[in-house]
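To start, the structure itself, in C-alpha cells.
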Amino acid sequence: MIYISHKLEKFLASADRLTVLRDGRTVGTDATSSLDEPQVIARMVGREVGQIFPEATHEHGEVIFEARNITVEDPAVPGKLFVERVGFTARKGEVLGIAGLMGSGRSELLMAIFGAHPGRKSAEILVGGKPVQINHPYDAINTASAS
C-alpha cells in the first residue's frame, strides 16, 4: 500500500517501512523502527534540520500605526456593541492580520478605523506616533497618501 502524508508521528507509528521521495526520485527506504522524525525530515528536505521550528529573531521596527479604544455600536440597535475597546499596534516591517468568523466584529472594526462605519463611538488612531482624525474614508486615504 502507498500512503502519502506529512503527518510523520502518525505515519511512523502505523507503518512498517518508509520510502521518502524528493524531486521525483527515491531518497531511501527503511524500516520505520530504525528512523526517527528528524531523520525523515532530513531526507525530505535534503539536509539536516537543526530546529524544525526555529524561534525567529529580528529587530522590532518603529510603531507606524496604532489604534486605541476602538468601540463600535450597531447603528440599528443602540447599546449593542460590535467591538468594545479594541486596540493594536503595527510596526515597520510587520504584517498585521485581523481575522474572525462572520459576526465577530472584524469587519466593523476595520470599517470604523477607515471611517466608514456609522456606529463608531470612539477611536484613537495614530500614524507615525501622531494622532489623526479619520471620520470618513477620504480622511484615511489622505492620511495614507501623506505618509
Is atom [atom1] of [X] surrounded by more than 12 heavy atoms (other residues, nucleotides or ligands) closer than 6.0 Å?
| X | atom1 | answer |
| --- | --- | --- |
| Leu101 | CG | no |
| Arg22 | CZ | yes |
| Gln133 | CD | no |
| His58 | NE2 | yes |
| Asp16 | CG | no |

May I ask you to decide if [Y]'s main-chain N or O and [X]'s side chain share a donor-acceptor pair within less than 3.5 Å?
| X | Y | value |
| --- | --- | --- |
| Glu73 | Gly79 | yes |
| Thr89 | Val63 | no |
| Thr19 | Thr29 | no |
| Asp139 | His136 | yes |
| Arg120 | Ala112 | yes |
| Arg106 | Gly100 | yes |

*Could you walk me through whether Arg43 and Asp30 pass side-chain contact (heavy atoms from CB on, under 4.5 Å), step by step?*
CA-CA 11 Å; Arg43 288 183 180 184; Asp30 287 287; 2.4 Å; yes

CG of Leu12 to CD of Gln39, rounded to nearest 0.5 Å, is 9.5 Å

Are [Y] and [X] linked, directly or through intermediate hydrophobic residues, by side-chain heavy-atom contacts shorter than 4.5 Å (ILVMFWY only)?
| X | Y | result |
| --- | --- | --- |
| Leu81 | Val86 | no |
| Leu8 | Val27 | yes |
| Val83 | Leu110 | yes |
| Val127 | Ile98 | yes |
| Met111 | Ile70 | no |

Are the side chains of [Y] and [X] in contact, using a 4.5 Å heavy-atom criterion?
| X | Y | result |
| --- | --- | --- |
| His117 | Pro75 | yes |
| Val40 | Leu18 | yes |
| Val20 | Thr26 | no |
| Phe65 | Leu96 | no |
| Tyr138 | Thr143 | no |

From the list His60, Glu62, Glu59, side-chain contact (heavy atoms from CB on, under 4.5 Å) with Lys92 holds only for Glu62

What one should report as the nearest heavy-atom pair of Ala116 and Pro137 is CB-CG, 3.8 Å

Here the pair of heavy atoms bringing Arg17 nearest to Phe11 is O-CZ, 4.0 Å

Before accepting this row, confirm whether a basic side-chain N of the pair Glu66/Arg68 lies closer than 4.0 Å to the acidic partner's carboxylate O.
yes

Exercise. Between Ile113 and Ile125, does a side-chain contact (heavy atoms from CB on, under 4.5 Å) hold up when you go through it step by step?
Worked result: CA-CA 8 Å; Ile113 291 169; Ile125 300 168; 4.2 Å; yes

Go through it in stages, so that I can follow the logic: the residues are Phe114 and Ile134, the test is side-chain contact (heavy atoms from CB on, under 4.5 Å), and I'd like the CA-CA distance, side-chain angles, deciding distance and then a yes or no. CA-CA 7 Å; Phe114 194 64; Ile134 298 178; 5.7 Å; no

